[in-house]
Amino acid sequence: MLSNKRPIGFIDSGVGGLTVVKEAMRQLPNENIIYLGDTARCPYGPRPAEQVIEFTWQMTRFLLAQEIKMLVIACNTATAVALDEIKKNVDIPVIGVIEPGARAALKASNTHQIAVIGTQGTVKSGVYQSELQKKAPDAQVESLACPKFVPLVESNQSHSSIAKKVVAETLAPLKVARPDTLIMGCTHYPLLRPIIQNVMGDEVHLIDSGAETVSDVSALLDYFQLNNYHHTGEKTCQFYTTGSEKMFESIASDWLALAKMNVKHIDLEGN
Ligand code: I24
Ligand code: DGL
């Protein structure tokens with residue numbers, strides 16, 4: 001018998017997907033979680049699609065071997081290029097971060113003038129645009145790659161005056177299109193949310209793709225009757241990194257406000 005106690009698997013290019021996990025721990029406190037972050041090969045944003053697909057398969061195979069009941073591709077770049085292929089070839093439910101974000105944007109928007117920001121890989125794929133226009137053919141979509149944002153967050157400058165300047169300069173061309181809704185199509189961007197909101201103006205709806213994804217995960221657990229209602233026994237959160245356990249734990253324990261964490265290093269080459 002396949003048990004509902006099996007964990008939900010989350011994969012990401014590094015630590016950014018922890019923004020999705022934080023939301024999962026809040027919305028789904030009884031679910032066991034396994035997270036794998038490919039910190040050794042992060043960032044995925046500037047990499048060619050074929051390589052991101054290969055890395056995403058390696059992560060997927062590793063987590064499938066851990067008997068997960070559902071797979072969440074928490075990385076926008078990986079979702080953009082690999083979701084369809086992975087969905088077709090594995091026999092558990094697989095969910096990415098793009099469709100939930102696109103759907104939430106259309107729900108929030110009055111004008112259907114929607115802006116999307118993400119990594120080079122995500123924007124180049126055009127997947128947000130095609131999801132939006134598939135659901136709302138009248139949608140006017142303006143997409144912009146923001147390659148400076150991930151390095152800003154990863155150098156601890158999310159609240160700095162440099163961040164304000166970089167975000168304002170980068171988003172200036174987007175403001176011309178007067179979107180009423182902006183999709184933060186990258187794991188790291190919620191950390192820049194106050195600055196992005198300030199630059200875009202208070203009227204603009206900001207969509208956190210990761211948070212929307214967890215709401216969809218919750219609905220999917222219901223639909224497939226996969227909820228873990230039996231919270232007897234230990235709840236487990238296991239974290240794997242392809243990089244340093246110590247560095248991963250220092251960021252993750254801070255971000256998730258966990259005093260004790262299970263972090264293990266693994267190698268993905270050969271998976
Ligand atoms: N935030 C991120 N990545 C980092 C970082 C950060 N260093 C400081 N902060 N480093 O992503 C990435 C490279 N590392 C990863 C671990 O192995 C070694 C290489 C955003 C985090 C999203 C949850 C700033 C910082 C922090 C704690 C919490 C949040 C945060 F130190 F943004
Ligand atoms: N996780 C990536 C994303 O959401 C951002 C970091 C990276 O480029 O790998 O697109």
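Side-chain atoms are counted along with the backbone in the values below, which use heavy atoms only and exclude waters and symmetry mates. Numbering of ligands and ligand atoms starts at 1, following listing order.
- Ring orientation note: the planes of Tyr189 and Phe149 are nearly perpendicular, at an angle over 60° on the 30°/60° scale.
- The distance from ligand 2 to the heavy atoms of Ser13 drops below 4.0 Å at these ligand atoms: 1 (N), 2 (C), 6 (C), 7 (C), 9 (O).
- For ligand 2, the atoms closer than 4.0 angstrom to any heavy atom of Thr119 are 8 (O), 10 (O).
- Atom 10 (O) of ligand 2 has as its closest protein heavy atom Thr77 OG1, 2.6 Å.
- Salt bridge annotation for Glu269-Arg41: present, with a cationic side-chain nitrogen under 4.0 angstrom from a carboxylate oxygen.
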> Given the rule in the salt bridge (Lys or Arg N to Asp or Glu O under 4.0 Å) test, do Lys134 and Glu99 qualify, once you have shown the distances and angles that lead to the verdict?
Replying inline: CA-CA 11 Å; Lys134 197 161 78 191; Glu99 215 214 2; 5.8 Å; no
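- Using a non-hydrogen distance threshold of 4.0 Å, Cys186 registers as a contact of ligand 2.
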>> Test side-chain hydrogen bond (donor to acceptor under 3.5 Å, both in side chains) on Ser155 and Gln157; report intermediate values, then the result.
In response: CA-CA 6 Å; Ser155 57; Gln157 298 186 87; 2.8 Å; yes
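- For ligand 2 and Gly45, the ligand atoms under 4.0 Å from any heavy atom of the residue are 7 (C), 8 (O), 9 (O).
- Near Cys42, meaning under 4.0 Å from any of its heavy atoms, are these atoms of ligand 2: 9 (O).
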>> Could you walk me through whether Ser218 and Leu28 satisfy the side-chain contact (heavy atoms from CB on, under 4.5 Å) test, starting with their C-alpha distance in whole Å, then the side-chain angles of each, then the deciding distance to 0.1 Å, before giving a yes or no?
In response: CA-CA 7 Å; Ser218 177; Leu28 303 165; 3.8 Å; yes
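- The distance criterion of under 3.5 Å between nitrogen or oxygen atoms is met by Tyr44 with respect to ligand 2.
- In this structure, Gly16 falls outside the shell of residues with a heavy atom less than 4.0 angstrom from ligand 2.
- Proximity of Val97 to ligand 2, defined as any heavy-atom pair under 4.0 Å, is not found for any part of the residue.
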Is there any protein N/O under 3.5 Å from an N/O of ligand 1, and what does the full list of such pairs look like?
residue	atom	partner	partner atom	Å
ligand 1	7 (N)	Glu154	O	3.3
ligand 1	11 (O)	His188	NE2	3.4

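- Atoms OG and CG, on Ser215 and Leu220 in that order, are 11.5 Å from each other to the nearest 0.5 Å.
- The shortest N or O to N or O distance between Cys75 and ligand 2 is not below 3.5 Å.
- Interatomic distance, Lys135 NZ to Arg103 CZ, rounded to the nearest 0.5 Å: 5.5 Å.
- In this pair, Tyr44 and Phe55 present their aromatic rings tilted. The plane angle is within the 30 to 60° band.
- Inter-residue side-chain proximity for Ile8 and Leu221 is flagged as met; some heavy-atom pair is nearer than 4.5 Å.
- Contact annotation: the side chain of Thr79 never approaches that of Ser209 to less than 4.5 Å [non-hydrogen atoms, C-beta and beyond].
- By the 4.5 Å heavy-atom criterion applied to side chains, Thr19 and Leu191 are counted as neighbours.
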